[in-house]
Amino acid sequence: MAKLNLNRVDMPIQDPKARGRNFSEVTLGYNPELSLEEALRCIQCPKPLCTQGCPVGIDIRDFIKPLREGNMEEAVRVLKSKNNLPAICGRVCPQESQCEAKCVVGKRGAPVAIGRLERFVADWEINSAYKAHVELPKPTGKRVAVIGSGPAGLTCGADLAWRGHQVTIYEALHVAGGVLVYGIPEFRLPKRIVQAEIDNIAALGVEIVLDTVVGRSVTIDELLADGYHAVFLGTGAGLPMFLNVPGENLNGIYSANEFLTRANLMKAYDFPRYDTPLKMGKRVAVVGGGNVAMDAARVALRLGAEQVYIVYRRSEVELPARHEEVEHAKEEGIIFHVLTNPVGFVGGGRGLVTGMECIRMKLGEPDASGRRRPIPMPGSEFLLPVDTVVVALGTTPNPIIAATTPGLQTTPHGTLVADEETGKTTKDRVWAGGDIVTGAATVISAMGAGKRAAASMDAFLKGGA
Amino acid sequence: MYPIAAREELAPNIFLFRIEAPQVARKAQPGQFIMLRVDEMGERIPLTIADFDRERGTVDIVFAAVGRTTRKLAELQKGDSIANFVGPLGLPAEIGRFGTVVCVAVGYGMATMVPIARALKEAGNRVIGIAWARQGEYLFGLDRLRAACSELIVSAGNGADHSSFVIQPLRQVLQGGQPIHRVVVIGPACVMRYVSLTTKPYSIKTVVSLNPIMVDGTGMCGACRVAVGGVTKFACVDGPAFDGHLVEWDLLLARRCTYTGNEDQLSTFWQCEHCAQW
Ligand SMILES: Cc1cc2nc3c(=O)[nH]c(=O)nc-3n(C[C@H](O)[C@H](O)[C@H](O)COP(=O)(O)OP(=O)(O)OC[C@H]3O[C@@H](n4cnc5c(N)ncnc54)[C@H](O)[C@@H]3O)c2cc1C
Ligand SMILES: Cc1cc2nc3c(=O)[nH]c(=O)nc-3n(C[C@H](O)[C@H](O)[C@H](O)COP(=O)(O)OP(=O)(O)OC[C@H]3O[C@@H](n4cnc5c(N)ncnc54)[C@H](O)[C@@H]3O)c2cc1C
Ligand code: SF4
Ligand code: SF4
Ligand code: FES
């Protein structure tokens with residue numbers, strides 16, 4: 001056996017200068033040679049630890065093996081038997097803290113680039129005529145309504161369809177995909193890829209009904225009375241949080257959801273070909289330090305901002321965003337103001353924001369989250385001149401469903417009470433999973449929850465109830 | 001796709017469209033709204049449910065063709081379809097037995113007030129309607145509004161104090177000696193503001209229907225945020241109806257103008273030369 005290469009194979013990437021002005025995908029993916037080279041770094045462990053790190057339990061070793069042998073169809077089959085959205089996960093999963101964190105090769109060097117290989121295999125399927133053939137079982141005659149078409153709902157729906165149940169997904173917006181289409185930008189997750197994955201799920205016989213706000217257009221109780229045997233709630237955590245400081249409602253101050261929805265879902269970057277505008281200035285401050293903040297900052301840059309700041313109250317090591325995203329943002333020229341917190345906004349004529357009042361912070365003792373608590377430093381206030389602000393402080397679940405569904409219990413954080421293993425809620429015949437239960441988390445954890453709920457729902461549906 | 005079952009120009013540049021949307025019609029309540037997108041390139045815009053027919057599965061919308069989307073919509077004909085039509089959204093109007101209620105209807109409010117006035121009357125209220133337009137030709141749908149009210153006062157014209165022609169009849173009713181228990185007003189934001197200012201000294205609960213810029217209409221974006229009684233609310237889920245005495249009007253007016261002057265969009269139709277902020 002050849003000596004193990006301790007370095008992973010680099011993935012080709014767009015030049016930072018060029019990509020800062022276009023919406024094309026930043027990372028370009030492996031070609032066949034690079035994928036083979038990286039796949040050969042996997043030592044095919046007899047007891048692979050990597051799979052334990054994956055919330056949906058992909059048989060990583062077993063899809064890498066056929067990939068090395070050039071048997072792409074088999075690689076796709078193994079991959080898709082556990083994950084219906086591999087082209088998405090391969091791109092946006094926080095692999096470094098999941099599957100790759102467990103890979104044994106990581107003990108001696110860089111772990112196998114599992115996410116990149118997953119993406120390669122999934123993209124191969126999308127671009128080829130081959131379609132993983134799924135043998136659907138005999139229909140069970142049971143009907144399930146899935147609310148929300150984000151990763152949790154799509155995964156739950158697909159898994160139930162695989163088990164022979166008749167699934168209808170209801171979605172409030174005019175496009176399916178949840179955060180995958182309205183939040184995560186094109187340059188990180190091309191919408192063509194999301195659509196291809198959703199088409200595959202629709203091909204399983206899953207019906208997707210758009211333009212339907214459950215709780216308003218139809219209630220959960222009506223669905224249950226209407227012939228659905230069970231309901232899965234995957235409505236995410238879509239309600240934006242604000243800072244609650246003076247001046248926050250000035251013009252030019254957006255929630256990340258509004259900013260990204262206008263840019264991604266409504267395609268404001270292509271205004272006036274598309275009708276939705278997005279008013280953007282030259283100096284943009286994005287408040288927050290997570291993936292959402294990085295996305296908003298990089299979108300602002302691509303829309304023509306001259307200076308884009310990330311304003312974050314802790315220090316750089318505490319930034320919750322994926323390391324790779326922070327690196328990409330820096331390469332593109334985003335300026336980081338860490339240990340800085342906004343305390344108010346000032347505006348000029350016609351209510352437009354002109355400046356953000358900030359205070360410098362220092363780090364104190366660790367708080368409940370284990371991170372060091374930021375403490376304001378009196379007298380350090382200063383004014384940051386800006387004409388656009390994006391607030392990316394996180395989101396909580398939208399209350400419409402909870403408010404219109406008697407019997408559903410919520411936590412003080414507004415999330416739904418649900419069993420962690422099964423997703424069972426406090427209401428009979430209703431399951432839930434994803435961000436609506438955990439609060440804002442990740443694509444793959446939402447998918448894992450959708451999968452576990454599907455298994456529990458299947459047991460219930462087949463129990464003859 | 002949602003077919004257009006009927007189309008009518010009610011007044012210059014003001015249109016009624018009847019849309020086939022059984023799912024919306026089934027649940028619609030007075031005071032709620034829909035979001036629509038005309039086509040694949042379209043923006044999502046909110047319009048109030050002006051009426052609905054549960055049996056036929058249709059929903060009426062009445063709109064002024066003022067900008068990009070509403071003009072594009074106005075070009076469509078009976079038999080054409082629009083891409084998206086979602087609702088009912090927002091909270092239904094509060095209907096109760098209040099006593100005597102004054103309903104002030106201006107602009108598209110002349111149509112969208114109808115189901116609210118009707119429900120109020122059916123709930124046992126005496127409903128006094130006031131309809132106003134700057135010019136007589138912009139008065140429309142008065143027969144339906146009159147039928148929905150117990151009594152309708154119609155006024156047209158523009159005084160020096162621009163809203164005097166709507167405020168005058170309202171003052172007369174307020175000072176007329178009979179007790180008024182509630183005022184409901186739908187119209188341009190400045191009219192709703194003046195009406196609220198007028199009723200404030202009388203301490204009569206005044207309900208306004210706010211129309212900030214919206215994107216999703218489901219509580220996801222925060223574009224529609226308004227300040228009411230010092231608290232930030234999302235008009236699409238907490239409203240659209242609010243207590244007019246508590247609304248921060250300057251903020252609403254400023255936020256609504258985020259996109260004016262930006263493009264080709266500022267139409268003189270809505271531009272109010274007396275607006276405090278210009
Ligand atoms: C900008 C951004 C970047 C992110 N980047 C990453 C990343 O790089 N990696 C990662 O792993 N995670 C990332 N995340 C987080 C990840 O996207 C979410 O955790 C995940 O999408 C949650 O999935 P979900 O299915 O629970 O909900 P969502 O994706 O939020 O989907 C919920 C769906 O339900 C619909 N809905 C809501 N209410 C109703 C209703 N009443 N009736 C009908 N439909 C309804 C919504 O419209 C939406 O389509 C990011 C999030 C954002 C916002
Ligand atoms: C809950 C709600 C219910 C509404 N119901 C109705 C209705 O029943 N009938 C109706 O005609 N309109 C209604 N509106 C207003 C309607 O949504 C706007 O007129 C529409 O969005 C304008 O879109 P546009 O693309 O044609 O115009 P744009 O090109 O976006 O704007 C054209 C002009 O209209 C002004 N404008 C923008 N938004 C509004 C607004 N919200 N109200 C008034 N003027 C605005 C702009 O300042 C601009 O000058 C409602 C708004 C809300 C929030
Ligand atoms: S889905 Fe995510 S966690 Fe699972 S193997 Fe793929 S990249 Fe790793
Ligand atoms: S742990 Fe690493 S080396 Fe072992 S099978 Fe998994 S990917 Fe391959
Ligand atoms: S329109 Fe987006 S939250 Fe109200």
Side-chain angles (χ1 to χ4, degrees), chain A residues 171-175 179 182-183 209-213 215-219 222 235-242 244 248-262 265-268 270-280 347 349-352 391 395 397-400 403, chain B residues 2 21 23-24 26-28 32 34-45 67-69 72 83-91 213-227 232 234 237 248 250-265 277-278:
Chain A
E171 168 56 47
L173 292 172
H174 57 269
V175 190
V179 170
Y182 78 70
V209 179
L210 304 171
D211 292 340
T212 307
V213 182
R216 294 260 190 268
S217 312
V218 61
T219 64
E222 285 167 338
T235 49
L239 191 77
M241 292 199 267
F242 284 94
N244 292 320
E248 197 169 25
N249 294 331
L250 285 165
N251 282 350
I253 304 183
Y254 300 91
S255 76
N257 272 2
E258 180 184 355
F259 188 78
L260 291 170
T261 298
R262 282 181 182 273
L265 182 70
M266 306 310 297
K267 303 201 167 43
D270 203 358
F271 182 87
R273 207 161 79 82
Y274 284 81
D275 291 341
T276 305
L278 174 53
K279 193 165 192 165
M280 259 264 317
R350 293 178 58 182
L352 192 73
V391 180
T395 50
N398 187 311
I400 292 183
Chain B
Y2 302 83
Q23 192 188 22
V24 183
R26 204 161 54 84
K27 301 282 285 188
Q32 289 184 297
I34 55 92
M35 298 288 301
L36 64 76
R37 208 169 59 120
V38 176
D39 57 31
E40 283 310 311
M41 306 295 199
E43 182 170 10
R44 294 170 64 97
I45 65 154
R68 240 177 141 71
T69 303
K72 204 151 109 176
N84 305 97
F85 192 85
V86 51
L89 300 170
L91 300 175
I213 292 174
M214 294 187 175
V215 179
D216 60 301
T218 69
M220 183 266 272
C221 74
C224 64
R225 57 197 198 275
V226 293
T232 297
F234 288 5
V237 285
E248 246 172 72
D250 281 336
L251 181 73
L252 177 82
L253 289 161
R255 283 190 65 76
R256 274 194 1 163
C257 291
T258 306
Y259 289 96
T260 55
N262 199 27
E263 300 99 25
D264 53 332
Q265 298 186 349
Q277 70 186 309
W278 295 99

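Scope of the values below: all heavy atoms of this structure, side chains included, with no hydrogens, waters or symmetry mates.
- For Leu251(B), the part sitting under 4.5 Å from any heavy atom of chain A is the side chain, from C-beta outward, and nothing else.
- Most heavy-atom pairs under 4.5 Å with chain B: of the set Lys267(A), Arg273(A), Met266(A), His174(A), this distinction falls to His174(A).
- For the pair Asp211(A)/Gln23(B), no side-chain contact is recorded, criterion being any heavy-atom separation below 4.5 Å from C-beta on.
- For Arg216(A), there are no salt bridge (charged side-chain N to carboxylate O under 4.0 Å, His left out) partners at least two apart in sequence or on another chain.
- Contact annotation for Ala83(B): only backbone heavy atoms (N, CA, C, O) come within less than 4.5 Å of a heavy atom of chain A.
- Residue Ile253(A) touches chain B through both its backbone and its side chain, counting heavy-atom pairs closer than 4.5 Å.
- Contact detail for Arg68(B) and Tyr274(A): the closest heavy-atom pair is NH2-O, 4.1 Å.
- Residues Val215(B) and Arg262(A) form a side-chain contact, since some pair of their non-hydrogen atoms from C-beta on lies under 4.5 Å apart.
- Chain B forms more heavy-atom pairs under 4.5 Å with one residue of Leu265(A), Thr276(A), Asn251(A), Val218(A) than with any other, namely Asn251(A).
- Chosen from Gly217(B), Gly222(B), Gly219(B), Ala28(B), the residue pairing most often with chain A at heavy-atom distances under 4.5 Å is Gly219(B).
- Among all heavy-atom pairs drawn from Val24(B) and Pro88(B), the shortest one is CG1-N, 3.9 Å.
- Thr218(B) and Asp216(B) share a donor-acceptor pair across their side chains, judged by distance under 3.5 Å alone.
- Between the side chain of Glu222(A) and the main chain of Thr219(A), a donor-acceptor pair closer than 3.5 Å is present.
- With a threshold of 4.5 angstrom between heavy atoms, Leu252(B) does not approach chain A through any atom at all.
- Minimum interatomic distance between Ala268(A) and Leu278(A) (heavy atoms only, all atoms of both residues): CB-CB, 3.7 Å.
- If you measure heavy-atom distances from Phe242(A) to chain B, the contacts under 4.5 Å come from the side chain alone.
- For Glu40(B), the part lying under 4.5 angstrom from a heavy atom of chain A is the backbone only.
- Both the backbone and the side chain of Leu239(A) come within contact range of chain B, with heavy atoms under 4.5 Å apart.
- Using a 4.5 Å cut-off between heavy atoms, Phe234(B) contacts chain A through its side chain alone, with no backbone atom that close.
- Neither the backbone nor the side chain of Thr395(A) comes within contact range of chain B; no heavy atom of the residue lies under 4.5 Å from a heavy atom of that chain.
- Every salt bridge (charged side-chain N to carboxylate O under 4.0 Å, His left out) that Lys72(B) has, sequence neighbours left out, goes to Asp275(A), Asp39(B).
- Using a 4.5 Å cut-off between heavy atoms, Pro272(A) contacts chain B through both its backbone and its side chain.
- Both the backbone and the side chain of Arg44(B) come within contact range of chain A, with heavy atoms under 4.5 Å apart.
- When heavy atoms are compared at a cutoff of 4.5 Å, Asn398(A) approaches chain B solely by way of its side chain, counted from C-beta outward.
- Heavy-atom distances place the side chain of Thr261(A), and not its backbone, under 4.5 Å from chain B.
- Of the possible polar contacts, none joining the Arg255(B) side chain to the Val226(B) backbone as a donor-acceptor pair under 3.5 Å is found.
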